[in-house]
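Written out below as structure tokens is the structure these notes cover.
Quick note on labels: first sequence line is chain A, next is B, and so on, each numbered from 1. Just so you know, these numbers use all the heavy atoms, side chains as well, and skip hydrogens, waters and symmetry mates.
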There are 2 protein chains.
Amino acid sequence: MLMHLPPTREDFEARARVMKALAHPTRLMMIEELSRGERCVRDLRDLADCDLSTVSKHLSLLKDAGMVEDEKRGKQVYYRLRVPCVLNFFHCLDSVLTARDRLTGL
Amino acid sequence: MLMHLPPTREDFEARARVMKALAHPTRLMMIEELSRGERCVRDLRDLADCDLSTVSKHLSLLKDAGMVEDEKRGKQVYYRLRVPCVLNFFHCLDSVLTARDRLTGL
DNA sequence: GAAACGCTTGGCAATATTGCCAAGCGAAAA
DNA sequence: TTTTCGCTTGGCAATATTGCCAAGCGTTTC
């Protein structure tokens, strides 16, 4: 996508696909945790407090969106951020939340 | 949310709610259009190419999420961004897309 | 080889999202 | 007042998402 041109419908769809992949509290938590380093599925499961299969599916979804990558080492599969700049994203998100809540009266 | 503390489950849920509100191509397009100034529902409908009622529901959703506000003037209802910093968000999003697609081999 | 481990996948039910049509509603125009 | 305009809402069907259990699968350990 060339940024000096107006975004096309396809651009908005591509953006929306990534947004959707991130638009879940558990997946946001996983991204945040992976920002501290690679983790195996079990590690993430312990934080997420849901079924291991559920965690695995969330991770597949993030992988399909290109946000994480995995590597099998020994018995475990380790996941890590593939696109670390996704973290800047969170700062923007928190700015939006803060700005909104200030308007609303905290 | 105090940023020097680790995010809680509620923080992730609050973030996810905003992400979900934005995670739709039509709504992303609307936000982008509103970044150029206020628009009435009809204006947005012409760009979105879907039913007026659909546009109206997308706008309600964005309003509930605190992203836009509306004002009735004359016959029309004008919408505008309530939290302009949501635009920074798009820059981050595009960085993520660009970084990912570079890794994938464009 | 057999068993255990770590994870993924299939299947399914519950829930949420999407988008249309039709109806409603308040303000403005006639 | 009646009609029109601009938009919102109700209702609904189609589709997508979510999360569990159970089963499967490849390694590793025994």
Side-chain angles (χ1 to χ4, degrees), chain A residues 9-10 12-31 33-34 37-82, chain B residues 9-10 12-31 33-34 37-82:
Chain A
R9 166 177 281 282
E10 286 71 32
F12 288 120
E13 284 167 358
R15 287 172 176 176
R17 274 191 294 275
V18 170
M19 296 282 299
K20 281 190 134 187
L22 298 174
H24 190 287
T26 301
R27 293 196 291 270
L28 289 177
M29 183 275 287
M30 288 171 166
I31 295 280
E33 181 63 17
L34 292 178
E38 61 177 19
R39 298 288 187 269
C40 70
V41 181
R42 174 88 169 156
D43 291 336
L44 295 169
R45 192 216 95 105
D46 291 344
L47 288 168
D49 187 39
C50 59
D51 196 85
L52 187 68
S53 69
T54 300
V55 171
S56 182
K57 283 182 180 175
H58 280 307
L59 286 167
S60 299
L61 198 156
L62 286 173
K63 187 176 158 189
D64 289 346
M67 298 298 102
V68 303
E69 57 192 4
D70 60 339
E71 183 189 353
K72 183 154 192 170
R73 284 206 313 277
K75 280 194 195 175
Q76 14 262 332
V77 176
Y78 289 91
Y79 280 84
R80 56 176 165 267
L81 289 190
R82 184 165 176 262
Chain B
R9 166 177 280 282
E10 286 72 32
F12 287 121
E13 284 167 356
R15 288 173 175 178
R17 274 191 295 276
V18 170
M19 296 283 299
K20 282 188 134 190
L22 297 175
H24 189 287
T26 300
R27 295 196 291 270
L28 290 177
M29 184 273 287
M30 287 170 166
I31 295 280
E33 181 61 17
L34 291 178
E38 61 177 17
R39 297 287 186 271
C40 69
V41 182
R42 174 86 171 163
D43 291 336
L44 295 169
R45 193 215 96 106
D46 291 342
L47 288 168
D49 187 38
C50 61
D51 196 86
L52 187 68
S53 70
T54 300
V55 171
S56 180
K57 283 182 180 173
H58 279 307
L59 286 167
S60 300
L61 198 156
L62 287 173
K63 187 176 158 188
D64 289 345
M67 298 299 101
V68 302
E69 57 193 4
D70 60 339
E71 183 190 353
K72 183 152 193 172
R73 284 205 315 276
K75 280 194 194 175
Q76 12 263 332
V77 176
Y78 288 91
Y79 279 84
R80 57 176 164 265
L81 289 190
R82 185 166 176 260

Check your understanding: From the list C:dT8, D:dC7, C:dT9, which nucleotide is the closest neighbour of the side chain of A:K57?
Key -> C:dT9
Check your understanding: To the nearest Å, how far apart are A:M19 CE and D:dA16 P?
Key -> 20 Å
Study note, to complete from the structure: Of C:dC7, D:dT8, C:dG19, the nucleotide closest to the side chain of B:H24 is C:dG19
Practice item. Return the nearest nucleotide to the side chain of A:S53; candidates are D:dT9, C:dT18, D:dC21. Key: D:dC21
Check your understanding: How many Å lie between CZ on B:R17 and C1' on D:dT17, as a whole number?
Key -> 17 Å
Point to revise | Value in whole Å for how far the C1' atom of D:dG26 lies from CD of A:Q76 | key: 14 Å
Review point. What integer distance in Å separates A:K63:NZ from C:dT8:C1'?
Key: 10 Å
Practice item. Using atom CG of A:L52 as one end and atom C1' of C:dT9 as the other, report the distance to the nearest whole Å. Key: 12 Å
Practice item. With heavy atoms under 4.0 Å as the rule, sort B:Y79 into base, sugar-phosphate or nothing. Key: sugar-phosphate
Exercise for review: Please report, rounded to the nearest Å, how far the C1' atom of D:dG19 is from the CG atom of A:L59.
Suggested key: 14 Å
Practice item. Measure the spacing between CE of A:M19 and CG of B:L22 and express it to the nearest 0.5 Å. Key: 4.5 Å
Check your understanding: When you measure from the side chain of A:C50, which nucleotide among D:dC20, C:dT9, D:dT18 comes out closest?
Key -> D:dC20
Point to revise | Side chain A:R45, main chain A:S56, donor-acceptor under 3.5 Å | key: no
Review point. Phosphate oxygens OP1/OP2 of D:dG19: is one of them under 4.0 Å from a side-chain N or O of A:H58?
Key: yes
Exercise for review: Round to the nearest Å and state the distance from B:M30 atom CE to C:dG19 atom C1'.
Suggested key: 12 Å
Review point. Between the side chain of A:R27 and the main-chain N/O of A:A21, is any donor-acceptor distance below 3.5 Å?
Key: yes
Review point. Just checking B:R27: base, sugar-phosphate only, or nothing, at a heavy-atom cut-off of under 4.0 Å?
Key: sugar-phosphate
Exercise for review: Ignoring backbone atoms, test whether B:S56 places a side-chain nitrogen or oxygen under 4.0 Å from the OP1 or OP2 oxygen of D:dT8.
Suggested key: yes
**Study point:** Pairwise 5' ranking along DNA chain D for A:G74 and B:C40, keeping only the more 5' one
**Key:** B:C40
Point to revise | Shortest side-chain distance from B:K75, nucleotide among D:dA16, D:dC7, D:dC5 | key: D:dC5
Point to revise | Close side-chain approach of B:H58 and B:T54, heavy atoms under 4.5 Å | key: yes
Check your understanding: Would you say B:D46 and B:R42 make side-chain contact, with heavy atoms under 4.5 Å?
Key -> yes
Review point. Looking at D:dC7, C:dA16, D:dT17, which one has an atom nearest to any side-chain atom of B:K20?
Key: C:dA16
Revision key, fill the gap. Taken to the nearest whole Å, CG/A:D51 to P/C:dC12 is 18 Å
Revision key, fill the gap. Out of C:dA22, D:dC7, D:dT27, minimum distance to the side chain of A:K72 belongs to D:dT27
